[in-house]
Amino acid sequence: MPPTDSIAELQGAVEDAAKALRDGEPTEPAPTLDRPPKPDLGDYSSNAAMLLAGSLGDNPRAVAERLRGELEGRLGGAAGSLDRVEVAGPGFVNLFLSDAWYRRALAGLVAAGEDLGPAPTATPERILVEFVSANPTGPLHVGGGRGAAYGDAVVRLLSAIGHEVEREYYINDAGSQVTNFAASISARMQGEELPENGYQGEYVVELGKEIAAAGIDPGDLEAVGDRGIELMIGQVRATLSRFGVEMDTWFSERSLVERGDVDSSLAKLDASGHTYRHEGALWLRTTEFGDDKDRVLIRSDGEPTYLMPDIAYHWDKLERGFGRLVDVLGADHHGYVARLRASIEALGADPGSFEALIMSLVHIVEDGQRAQMSKRRGDFVSLDDLIDDIGVDAARWFMLWRSHETTVDIDLALARKQASDNPVYYVQYAHARIASILRKAAEEGSEMPESVDAVERSEPLAVSEKALIKRLLEFPHEVHEAAARRAPHRICAYSTAVAADFHAFYRDCQVVGAEGEAVERSRLALCLATKRTIAGALGLLGISAPERM
RNA sequence: GCCCCCGUAGCUCAGCUGGAUAGAGCGUCGGACUUCUAAUCCGAGGGUCGCAGGUUCGAAUCCUGCCGGGGGCGCCA
């Protein structure tokens, strides 16, 4: 029995009960099945009566009373799921479930094995998530790291609900910043002054040494630039790999230009009639598609703007068969979204297939001061430094535990000093604690309950056992919501809640050596299901679930 | 001026496709280790959900206006 069936049984009963009151017509919107704010208000509660009151022309509490009768018939009696139904507040229908229901739910959880996530979506899509895509002119900094952690988690979430998802990094290896980068390296190699707006970081000096050692002439700017980009991409790749992020594709902007894709996209736009010449430049009439002003595609000096290859790039993504394009962009690029979407529409594609997720800033705080993060000035905190400092798990957690649209501060001193109070350790500790219990059980000769019989245990369940079972049952829904809303931070919150419920259960309930063999077996089963859920949740975040701490 | 994000406990933030007495972590204060990991747990204190209207059985949540903070508004990328 899949773990969600216990919830589906209740949801179905509520919907059927509501339908019965409306001569078989379903309620729109569907009634909720929520966790009430306080435990003494029952295990689950529904707003069905409030939704129905209007169309039935009756007051919500009276409707709730009728629903109560329907629900008792469906879930009570022989079904044995129900202790009682209460009507409370403005007309909430509160379900108080029997121990039998909880035992069945637990049996379902354990029987599901590792597969505790949501059922695959009925409408799977091929999705390309482009993220990080930092200019290859310097090491990855913490802002890029947040994009990496977020984009990677979004991919994991979308995959978890059954989409076919790929990770891609767009390498800006064409255009003026590459020229500037080459000039900066070259200047360092020759001990000259950096060009105006040159890249000032110490890493540029290091790159220069490496490039010189490879026998490249500092005067050959093209060769210097090529090698510099290559070395930087190698570094970025290594950093991401260390961070647990593996891209499926590294897509070169230059390759687009060389293949002629930029020219063909331009021709396509021209043919569509959405372009025009003005003051020597070629413009795209993006205002026809919701942008606030038209945009230049080709400057009056004949050079394409940044937008042009990007249009070609997104067109290429669509041509590769992706039905949905997700771009994870830095906050400084959000003004760019409207014109890109407009451009995609101008090409005749569905603008709804393009989705931009805007990342807010991440600040590294040290000694109460925010570190600067300008690549040009070179005084930024690199992702590597952060990982060295607080580790991959903590770094990923702190980048993910807040909504991506909220600025995040990571106080290094605090993260170092309070490592033991860190929320990520709190969750990991619960996992390790369970592992320890299971080891202990094995030592005592207890068998791992890969399945439990729902009727085996006659002893009542403790309040904290029920709370934990109920929490585990929420997992599929939480994953689904987090994926749909592109909100991995919900998984952080959920993991914390699972850990808290587990710790409470641990406090109240002896597992190994519990009174009664059936009790011990069911509690071991609950530990197993909890361990799998925590590992699954952390896995969605790219965070490890240790066996020992 | 226009666009985007934010404004919720002392601090950092969840909750925002409407539900009951608004939550968590940190910090403060007070308790709990002869028991499967005390990296834990229990308790206390802490709130005009920026302000004002509106929508309705019901608003932190939706709508309008205003105030405050951040970011973006280039023939740069």
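For A/Thr305 against B/A77, no side-chain N or O and base N or O form a donor-acceptor pair under 3.5 Å. For a distance-only test at 3.5 Å, the side chain of A/Asn94 qualifies as a donor-acceptor partner of the base of B/A20. At a cut-off of 3.5 angstrom, counting only N and O atoms as typed in the model, there is no donor on one side facing an acceptor on the other between the side-chain of A/His334 and the base of B/G72. For A/Arg548 against B/U37, no side-chain N or O and base N or O form a donor-acceptor pair under 3.5 Å.
Ring pair A/Phe131/A/Tyr150: centre-to-centre distance not below 6.0 Å.
Contact check, A/Arg339 against B/G72: no side-chain N or O comes under 4.0 Å of OP1 or OP2.
Comparing B/U17, B/C57, B/A77 by their closest approach to the side chain of A/His333 singles out B/A77. With B/U12, B/A39, B/A20 as the choices, the nucleotide that has an atom nearest any side-chain atom of A/Phe92 turns out to be B/A20. Among B/U37, B/C13, B/A77, the nucleotide with an atom closest to any side-chain atom of A/Tyr429 is B/U37. The side chain of A/Arg507 lies closest to B/C42 when the candidates are B/C36, B/A14, B/C42. Closest to the side chain of A/Val512, from the set B/C75, B/C36, B/A20, is B/C36.
Consecutive Watson-Crick or G-U pairs involving RNA chain B, each under 3.5 Å on both distances, make up stems of three or more pairs at B:1-7 with B:67-73, B:10-13 with B:23-26, B:28-32 with B:40-44, B:50-54 with B:62-66.
A side-chain contact (heavy atoms from CB on, under 4.5 Å) with A/Val408 is found for exactly one of A/Leu361, A/Leu400, A/Val362, namely A/Val362.
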